[in-house]
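Notes for the one structure printed next.
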Amino acid sequence: MRKRTEPVALEHERCAAAGSSSSGSAAAALDADCRLKQNLRLTGTGPAEPRCAADAGMKRALGRRKGLWLRLRKILLCVLGLYIAIPFLIKLCPGIQAKLIFLNFVRVPYFIDLKKPQDQGLNHTCNYYLQPEEDVTVGVWHTVPAVWWKNAQGKDQMWYEDALASSHPIILYLHGNAGTRYLFFTLQVLSSLGYHVVTFDYRGWGDSVGTPSERGMTYDALHVFDWIKARSGDNAVYIWGHSLGTGVATNLVRRLCERETPPDALILESPFTNIREEAKSHPFSVIYRYFPGFDWFFLDPITSSGIKFANDENVKHISCPLLILHAEDDPVVPFQLGRKLYSIAAPARSFRDFKVQFVPFHSDLGYRHKYIYKSPELPRILSQPQPQPGSEPRASGHFGPTP
């Protein structure tokens with residue numbers, strides 16, 4: 001009995017020893033795992049939660065960058081689409097190009113009552129309205145010489161019309177696009193030099209009624225010129241065109257010379273050769289200048305709209321003294337176009353009996369496109385004699401007031 005129970009006891013002891021040994025090793029393994037986690041914390045690996053938050057923040061930043069790039073790409077695609085669509089739109093609707101050339105819808109300054117030049121400090125100026133054609137009315141300003149400033153106070157239109165027959169010369173001033181007959185500083189300067197200055201808004205500009213066109217603008221100028229001549233007697237009448245107004249001026253003077261009633265002189269300020277070359281040289285065309293088919297898209301619609309303003313052709317048919325004024329720093333009509341026009345006019349047979357003069361203004365003066373009136377040399381330039389080559393000077397052969 002004792003022999004049978006001894007092995008059982010021994011077996012129980014071995015099992016207990018094994019159990020205690022197994023639990024000891026598990027505890028040891030647990031301690032080792034705890035030490036490993038502690039070492040990982042000490043070496044900077046950090047808990048899982050902060051690492052997950054950092055990953056989420058990085059994903060959000062990348063998402064924002066991706067969204068910003070997608071929006072930027074959409075904007076760029078829209079701009080590119082618009083850039084490509086504009087030439088086709090202009091080609092299909094030539095009237096858009098005509099509007100961009102005339103810019104008659106741009107009225108600067110806007111809040112001006114053109115019926116009352118006195119309100120703008122021009123107390124020696126009278127406002128008229130003339131009717132060149134049926135359903136067309138043009139607004140006109142007549143500024144008398146500054147020496148008559150006091151006499152002009154409170155006078156009516158009849159007095160101003162009679163004043164045109166005085167001994168002072170007259171300038172018919174043809175303004176450019178994107179403006180009106182409100183030419184405050186130009187009127188002040190020219191009137192201070194002893195001129196009557198008559199300027200007007202073409203049909204469709206300012207408060208003038210009608211639809212703009214090259215033919216219509218030229219006819220308006222012709223009507224105003226004839227109106228002046230009917231009242232000016234033997235006084236000298238000069239035609240002065242500025243910018244787009246130079247195109248109207250050469251159209252007008254060519255027509256006057258063809259009917260043998262030329263003006264006493266033609267003055268072109270900031271002129272171009274023709275509207276196609278001016279459109280190609282204009283700063284607004286820079287972004288499309290090298291666009292494939294530029295001429296077909298942008299220049300041909302101008303011609304198809306009947307807009308030419310061919311100064312380079314007109315000067316070949318003009319027979320009166322010609323003075324060209326151009327600033328080297330002109331950003332709208334490049335200086336080289338004015339120089340080129342002079343090189344065309346100077347050898348023309350129509351000017352063989354008249355002097356053609358080109359006066360440049362250095363870029364350092366800062367006169368740009370429309371500030372030549374500031375030049376202190378302007379009185380001398382306008383008053384110097386313009387003799388016919390090989391002959392005695394005529395009474396009307398100078399630009400300035402009669403001494």
How long is the span from the CZ atom in Phe335 to the OG atom in Ser270, to the nearest 0.5 Å?
-> 10.5 Å

Main-chain N/O of Lys280 paired with Arg289 side-chain donor or acceptor, under 3.5 Å = yes

Any donor-acceptor N/O pair, Ser285 side chain to His282 backbone, under 3.5 Å | yes

Please name the pair of heavy atoms, one in Pro212 and one in Gly204, separated by the smallest distance, quoted to 0.1 Å.
-> CG-CA, 4.1 Å

Phe88 atom CZ, neighbour heavy-atom count above 12 within 6.0 Å = no

So which heavy atom on Asn177 is nearest to which on Phe102, and how close?
-> CB-O, 2.8 Å

Nearest heavy-atom approach of Tyr160 to His124 is OH-C, 3.3 Å

Backbone of Trp227 reached by a side-chain donor or acceptor of Arg231 within 3.5 Å = yes

Would you find a donor on one side and an acceptor on the other, under 3.5 Å apart, between the side chain of Thr250 and the backbone of Gly247?
-> yes

Distance, nearest 0.5 Å, that separates OH of Tyr238 from CG of Leu172 | 13.5 Å

When you look at Leu190 and Leu382, which way does the side chain to side chain contact (heavy atoms under 4.5 Å, CB included) test go after all the steps?
-> CA-CA 10 Å; Leu190 295 179; Leu382 296 179; 4.2 Å; yes

For Ile318 and Phe351, what are the C-alpha separation, side-chain angles and deciding distance, and is it a side chain to side chain contact (heavy atoms under 4.5 Å, CB included)?
-> CA-CA 7 Å; Ile318 289 174; Phe351 286 108; 3.8 Å; yes

Minimum-distance pair of heavy atoms, taken over all atoms of Leu337 and Thr273 | O-CG2, 3.6 Å

Using atom types as modelled and distance alone, determine if a side-chain donor or acceptor of Asp329 lies under 3.5 Å from a backbone N or O of Arg368.
-> yes

Carboxylate-amine/guanidinium proximity below 4.0 Å for Arg181 and Asp220 | no

Show your reasoning for whether salt bridge (charged side-chain N to carboxylate O under 4.0 Å, His left out) applies to Glu133 and Arg203.
-> CA-CA 10 Å; Glu133 296 178 320; Arg203 61 187 69 188; 2.9 Å; yes

Does atom CG of Asp156 have more than 12 heavy-atom neighbours from other groups under 6.0 Å away?
-> yes

Sidechain-backbone polar pair: His196 side chain, Ala163 backbone, donor-acceptor under 3.5 Å = yes

Side-chain H-bond candidate by donor/acceptor type, Ser243 with His369, under 3.5 Å = yes

Parallel, tilted or perpendicular: which fits the ring planes of Phe298 and Phe291, with parallel below 30° and perpendicular above 60°?
-> perpendicular

Indicate the atoms forming the closest heavy-atom contact of Trp149 with Gln153, along with that distance.
-> O-NE2, 2.6 Å

Atom pair OH/CZ of Tyr288 and Phe297 - distance to nearest 0.5 Å = 10.0 Å

State whether the number of non-hydrogen atoms from other residues, nucleotides or ligands found under 6.0 Å of Glu260 atom CD is greater than 12.
-> no

By salt bridge (charged side-chain N to carboxylate O under 4.0 Å, His left out), Arg349 pairs with (sequence neighbours left out) none

Can you tell me how far CD of Glu214 sits from NZ of Lys308, rounded to the nearest 0.5 angstrom?
-> 8.0 Å

Show the atom names and distances, to 0.1 Å, of all donor-acceptor pairs under 3.5 Å that link a side chain in residues 358-366 to residues at least two apart or in another chain.
| unit_1 | atom_1 | unit_2 | atom_2 | d |
| --- | --- | --- | --- | --- |
| His362 | ND1 | Asp364 | N | 3.0 |
| His362 | ND1 | Asp364 | OD2 | 3.4 |

Would you mind listing every side chain to side chain donor-acceptor pair (under 3.5 Å) that reaches into residues 99-108, with sequence neighbours excluded?
-> none

Measure the acute angle between the ring planes of His168 and Trp148, then classify it against the limits of 30° and 60° as parallel, tilted or perpendicular.
-> perpendicular

Measuring from Thr137:OG1 to Asp201:CG, what's the distance to the nearest 0.5 Å?
-> 12.5 Å

Any side-chain heavy atom of Leu325 sitting closer than 4.5 Å to one from Ile381?
-> yes

Compute the ring centroids of Phe185 and Tyr371, then answer whether they are less than 6.0 Å apart.
-> no

Non-hydrogen atoms of Pro271 and Val333 that approach each other most closely | O-CG1, 3.2 Å

Please list all pairs passing the side chain to side chain donor-acceptor pair (under 3.5 Å) test where one or both residues lie in residues 296-305, with sequence neighbours left out.
-> Arg276-Asp300, Arg276-Thr303

Between side-chain atoms of residues 110-122 and protein atoms elsewhere (two or more places apart, or another chain), which donor-acceptor pairs fall under 3.5 Å?
| unit_1 | atom_1 | unit_2 | atom_2 | d |
| --- | --- | --- | --- | --- |
| Asp113 | OD1 | Lys115 | N | 3.2 |
| Gln118 | NE2 | Thr125 | O | 3.0 |

Do any N or O atoms from the side chain of Gln97 and from the backbone of Leu299 form a donor-acceptor pair under 3.5 angstrom?
-> no

Taken to the nearest 0.5 Å, the spacing of Ile171 CD1 from Ile239 CD1 works out to 11.0 Å

Would you please say whether a donor-acceptor pair under 3.5 Å links the side chains of Arg215 and Ser213?
-> no

Side chains of Thr180 and Trp205: does their closest heavy-atom pair fall under 4.5 Å?
-> no

List the steps and the verdict of side chain to side chain contact (heavy atoms under 4.5 Å, CB included) for Phe354 and Leu322.
-> CA-CA 8 Å; Phe354 302 97; Leu322 173 63; over 6 Å; no

Audit row: Glu269, Thr246, side chain to side chain contact (heavy atoms under 4.5 Å, CB included) steps and yes/no | CA-CA 7 Å; Glu269 178 188 355; Thr246 64; 5.6 Å; no

Do other residues, nucleotides or ligands put more than 12 heavy atoms under 6.0 Å from Lys91 NZ?
-> yes

Which residues share a side-chain hydrogen bond (donor to acceptor under 3.5 Å, both in side chains) with Ser350, sequence neighbours left out = none

So Tyr202 and Phe200, would you call those rings parallel, tilted or perpendicular, with 30° and 60° as cut-offs?
-> perpendicular

